[in-house]
Every structure is written in structure tokens, then in C-alpha cells.
Novice: 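First the structure, which I've put down as C-alpha cells, then a few questions once you've had a look.
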Amino acid sequence: MRETRNVEIPEALDNERIDSALARVLGLSRSVIVKLLESDEVSVGHKVLGKSDKVQSGQIITVLLPEPPSGEAIPPTPLDEMKIVYQDTDLVIVNKPVGCAAHPSPGWTGPTVVGALVAAGIPISSSGPAERQGIVQRLDVGTSGLMMVAKTEAAYLKLKDMFRNREIKKIYHALAQGHLEPAIGTIDAPIDRHPKEDYKMAVVSDGKPSITHYEVIEYYRSVSLLKVELETGRTHQIRVHMSAIRHPLVGDLTYGADPNLAAEIGVNRPWLHAQALEFTHPISGLPISVSAEYPRDLTDSLSRLSDAVLP
């Protein structure tokens, strides 16, 4: 049976196109949202909304969700590859493996962070949309590394504000094509949906402010291992910014990476890992700093490059 969901538009999505906004709030693809709009299954009150409409902050939008792929909910399953890095009564931080989604969504039948935690008997905050309860940050399916989930309502509310106010330091490691010069720099370029290919993001003049700081950890033959810190948190931000300065992430074929180089070092996804989180605990006020080791595919790729480290 299809579910009807009432969605409140957050302030961050004010005046955004409805297909883009609902895709972000519901965790669905834009193509799925467009089909719902074309079928008159999205409305405000008695008014049916169309693809050209824009949303407003605080607006309550009613959506008739699509049928799950199997016709029934996918049961949560354990995930041996997902390791808990930190846990207390208020929150849990995991080292998410590649190939695992943050939360369930129609069309996704693979493992999820939320499902694995539930299957392990770890309580999750009931705050947030049903399929994303407890989620205060997300990583793409193809990105590994640290991801935080709230266990209590108080932690959920405070952590959401902390991420929104940039009070949580997020550090990534990335392998970019070429040698970045200067070795330390900042990319300040607005990002929004690609004007022609809506499955991608792009640097566009009227996009949302987006700031990425990077520092070269090590130069290898034809690539640079980077420490990257996000000041903002746009979709695909690191991937888009590195591509924009003509240093796409190794393995990121969507944003212009060389497939031959990726094959040479055995990378079949964007070389990107959420390596560290630093923040003040939302309840206790104590400083928290955690890090996550690289998964096997990333360490293997670096081993193939290690004999060619530049002095």
C-alpha cells in the first residue's frame, strides 16, 4: 500500500525547485519526484503542484510516495563491514563502507546505516522523516567513512543545528588527479544543480555559496593525496570543486576523471573517505575527536602508487 507523507520544507531549501527540494528531503531521485509531479501526486492543500513550482520555507507539501520495489518494507539487516567508531547514550558514529546507503529509500535494495544499526539493537532517535530517523548527516553510497546518527531526540535537534551552523569539523581524504599547486588552498565557488544534466551538480554563478579547504598530504606519480575540510556541505561538493579546478577525484568518472588511471590503480568509485569528525558533544559539552581508517580498496590503490612517491 502506498504511503501519503506530509513534508515540511526546511529553511535551507526556501525558493528551490520542487523536484530538487523533495528529492533532498525524501531521499528519492529527481526522476522519481518528476514522475510523482506528472501524476498529480504532489500537492499543497487542494492545489496540485507542477514541475515548475518552487517551494517556500515552512510549507507543508503532501506527497503520495511510490510503492517500494518489493511491495513491502525491506527488513533491516546487519552489516559486518560497518564498524562502530564511537558510541554513547546520545549518538553513534560509524565507519560506513562503500556500497551502503545512509537510510532506506524507494528503489534502493542494498544495506543501509540505519538498517544495520537497528538490526544490531542500537536505538535510533525517532526525530526526522520516517525513513531518515536519527540521520543528522549523510554520505553517498559510493563514499566511505565516518557518519553520525543521533540516538536521542535532544541529540538529534542539537546536532542538526550544529551541522547547520558549521560547528562540526568534517575532514575528508581524497585522491585527486594531477599535482595541486599551491599545496594549500581554498576553493570558493557556488554550487547548484547542473543546468543540463540534472543527476549532476556544477559550479554555477547563481548557485549556493560553497567553500572547500584543501592541503596536500603527499604527492604521488600523477596524483595528489589531499586532506579536505568542508566549510559548507553541498551535494557532491568536494567532487564538483575538484573537477572545477581540473583535478577531479581519481575514479570519479561522473565528474571527468580518467578511467584508465582509475583502472591502473584498481579504483572503481570516487577516491573519497570521510576521515575525521571533531565537535563538542551536544549534551555533555565535552570535546569529541574521532577518525576512521581507510577501507581495503583505498589502501590497495595507494600501495600501487607507493613505489613512485615523489621526494
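The figures that follow rest on heavy atoms only: side chains count, while hydrogens, waters and symmetry mates do not.
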Novice: Taking atom types as modelled, find out whether Thr186 and His213 have a side-chain donor-acceptor pair closer than 3.5 angstrom.
Specialist: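 Yes.
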Novice: Consider side chain to side chain contact (heavy atoms under 4.5 Å, CB included). Of Met148, Lys160, Met147, which one does Ile135 pass it with?
Specialist: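 That would be Met147; it is the only one of Met148, Lys160, Met147 passing the side chain to side chain contact (heavy atoms under 4.5 Å, CB included) with Ile135.
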Novice: Can you find a heavy atom in the side chain of Leu302 that is under 4.5 Å from one in the side chain of Tyr220?
Specialist: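 Yes, close enough: below the 4.5 Å cut-off.
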Novice: Once ring-ring contact (aromatic ring centres under 6.0 Å, His included) is applied, what residue pairs with a partner in residues 230-251 remain, sequence neighbours excluded?
Specialist: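 Residue pairs passing ring-ring contact (aromatic ring centres under 6.0 Å, His included), neighbours aside: His236-Tyr255.
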Novice: With sequence neighbours left out, write down each residue that passes salt bridge (Lys or Arg N to Asp or Glu O under 4.0 Å) with Asp140, or none if nothing qualifies.
Specialist: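 For Asp140, the residues satisfying salt bridge (Lys or Arg N to Asp or Glu O under 4.0 Å) (neighbours in sequence not counted) are Arg239.
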Novice: Taking the side chain as everything from C-beta on, heavy atoms only, tell me whether Asp192 gets closer than 4.5 Å to Asp206.
Specialist: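 Side chain of Asp192 against side chain of Asp206, heavy atoms only: no contact under 4.5 Å found.
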Novice: Using atom types as modelled and distance alone, determine if a side-chain donor or acceptor of Thr112 lies under 3.5 Å from a backbone N or O of Gly115.
Specialist: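 Yes; at least one donor-acceptor contact below 3.5 Å.
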Novice: For Ser284, check side-chain contact (heavy atoms from CB on, under 4.5 Å) against everything at least two apart and list the hits.
Specialist: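 Residues passing side-chain contact (heavy atoms from CB on, under 4.5 Å) with Ser284: His281, Leu286.
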Novice: Considering only heavy atoms from C-beta outward, does the side chain of Leu180 approach that of Ile245 to under 4.5 Å?
Specialist: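 Contact flag for Leu180/Ile245 side chains = yes.
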Novice: Do any N or O atoms from the side chain of Asp161 and from the backbone of Lys158 form a donor-acceptor pair under 3.5 angstrom?
Specialist: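 No: the side chain of Asp161 does not pair with the backbone of Lys158.
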Novice: Where the side chain of Thr143 meets the backbone of Leu139, is there a donor-acceptor pair that is under 3.5 Å apart?
Specialist: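 It does not hold such a pair.
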Novice: Using modelled atom types and a 3.5 Å cut-off, is there a donor and acceptor pairing between side-chain atoms of Thr299 and backbone atoms of Arg296?
Specialist: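 Yes, the answer is positive, given that a donor and an acceptor are paired below the 3.5 Å cut-off.
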Novice: Look up atom CG in Leu159 and atom CD1 in Ile168, then write down how far apart they are to the nearest 0.5 Å.
Specialist: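 The CG atom of Leu159 sits 5.5 Å away from the CD1 atom of Ile168.
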Novice: Could you work out, with salt bridge (Lys or Arg N to Asp or Glu O under 4.0 Å) as the rule, every residue matching Lys51, not counting sequence neighbours?
Specialist: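 Counting only residues at least two positions away or on another chain, Lys51 forms a salt bridge (Lys or Arg N to Asp or Glu O under 4.0 Å) with Glu38.
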Novice: Taking only residues two or more places apart in sequence or in another chain, which ones pass ring-ring contact (aromatic ring centres under 6.0 Å, His included) with His273?
Specialist: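 ring-ring contact (aromatic ring centres under 6.0 Å, His included) list for His273, sorted by chain: Tyr294.
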Novice: Are Val216 and Ile184 close enough that some pair of their side-chain heavy atoms sits under 4.5 Å apart?
Specialist: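 Val216 does not reach Ile184 side chain to side chain.
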Novice: Measure from the side-chain N and O atoms of Ser301 to the backbone N and O of Leu298, and report whether any donor-acceptor pair falls under 3.5 Å.
Specialist: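 Judged by distance alone, yes, a pair lies under 3.5 Å.
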Novice: For Gly178, is there any backbone N or O sitting under 3.5 Å from a side-chain donor or acceptor partner on Ser224?
Specialist: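 At least one qualifying donor-acceptor pair exists.
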Novice: Determine the sole option in Lys54, Gln56, Lys208 for which the side chain to side chain donor-acceptor pair (under 3.5 Å) test with Glu16 is passed.
Specialist: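 By the side chain to side chain donor-acceptor pair (under 3.5 Å) criterion, Glu16 pairs with just one of Lys54, Gln56, Lys208: Lys208.
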Novice: Say whether, by atom type as modelled, one donor and one acceptor occur between the side chain of Asp252 and the main chain of Pro248 under 3.5 angstrom.
Specialist: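 No, the answer is negative, given that no donor and acceptor are paired below the 3.5 Å cut-off.
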Novice: I'd like to know if the side chain of Arg193 reaches the main chain of Ala202, judged simply by a donor and an acceptor atom lying under 3.5 Å from each other, with no hydrogens or angles considered.
Specialist: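 Looks like no, no N/O pair under 3.5 Å.
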Novice: Got a sec, which residues hit side-chain contact (heavy atoms from CB on, under 4.5 Å) with Arg246, two or more places apart in sequence or on another chain?
Specialist: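 For Arg246, no residue satisfies side-chain contact (heavy atoms from CB on, under 4.5 Å) once neighbours in sequence are set aside.
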Novice: Under the side-chain hydrogen bond (donor to acceptor under 3.5 Å, both in side chains) test, which residues partner Gln237, sequence neighbours left out?
Specialist: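 By the side-chain hydrogen bond (donor to acceptor under 3.5 Å, both in side chains) rule, Gln237 matches Thr212, Thr232.
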Novice: Would you check if Val44 and Thr62 make a side-chain contact, meaning some heavy-atom pair closer than 4.5 Å?
Specialist: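 Side-chain contact under 4.5 Å: no.
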Novice: Could I get the full list of side-chain hydrogen bond (donor to acceptor under 3.5 Å, both in side chains) partners for Asn95, not counting sequence neighbours?
Specialist: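 With neighbours one apart ignored, the set is empty.
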Novice: One pair to check against side-chain contact (heavy atoms from CB on, under 4.5 Å): Lys151 and Ser125. What are the steps and the verdict?
Specialist: CA-CA 4 Å; Lys151 295 172 64 177; Ser125 167; 5.9 Å; no
Novice: Among Val94, Leu277, Leu146, which residue meets the side chain to side chain contact (heavy atoms under 4.5 Å, CB included) test with Val85?
Specialist: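 Single side chain to side chain contact (heavy atoms under 4.5 Å, CB included) partner of Val85 among Val94, Leu277, Leu146: Leu146.
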Novice: For Lys200, check salt bridge (Lys or Arg N to Asp or Glu O under 4.0 Å) against everything at least two apart and list the hits.
Specialist: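 So Lys200 forms a salt bridge (Lys or Arg N to Asp or Glu O under 4.0 Å) with Glu197.
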Novice: Using side-chain hydrogen bond (donor to acceptor under 3.5 Å, both in side chains) as the criterion, list what pairs up with Thr152, not counting sequence neighbours.
Specialist: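 Checked Thr152 against side-chain hydrogen bond (donor to acceptor under 3.5 Å, both in side chains); matches are Asp90.
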Novice: So, does Arg17 use its side chain to make a donor-acceptor pair with the main chain of Val55 at under 3.5 Å?
Specialist: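 No: the side chain of Arg17 does not pair with the backbone of Val55.
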Novice: Would you sort out whether Lys170 and Gln137 count as a side chain to side chain donor-acceptor pair (under 3.5 Å), showing the intermediate values?
Specialist: CA-CA 11 Å; Lys170 300 175 288 184; Gln137 64 162 145; over 6 Å; no
Novice: Under the side-chain contact (heavy atoms from CB on, under 4.5 Å) test, which residues partner Asp258, sequence neighbours left out?
Specialist: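 Gln177, Asn260, Leu261.
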Novice: Donor-acceptor check, side chain of Arg269 to backbone of Leu272, threshold 3.5 angstrom: yes or no?
Specialist: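 Yes, Arg269 side chain to Leu272 backbone: donor-acceptor pair under 3.5 Å.
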Novice: With sequence neighbours left out, what residues match Glu81 under side-chain hydrogen bond (donor to acceptor under 3.5 Å, both in side chains)?
Specialist: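 Not a single residue meets the side-chain hydrogen bond (donor to acceptor under 3.5 Å, both in side chains) criterion with Glu81.
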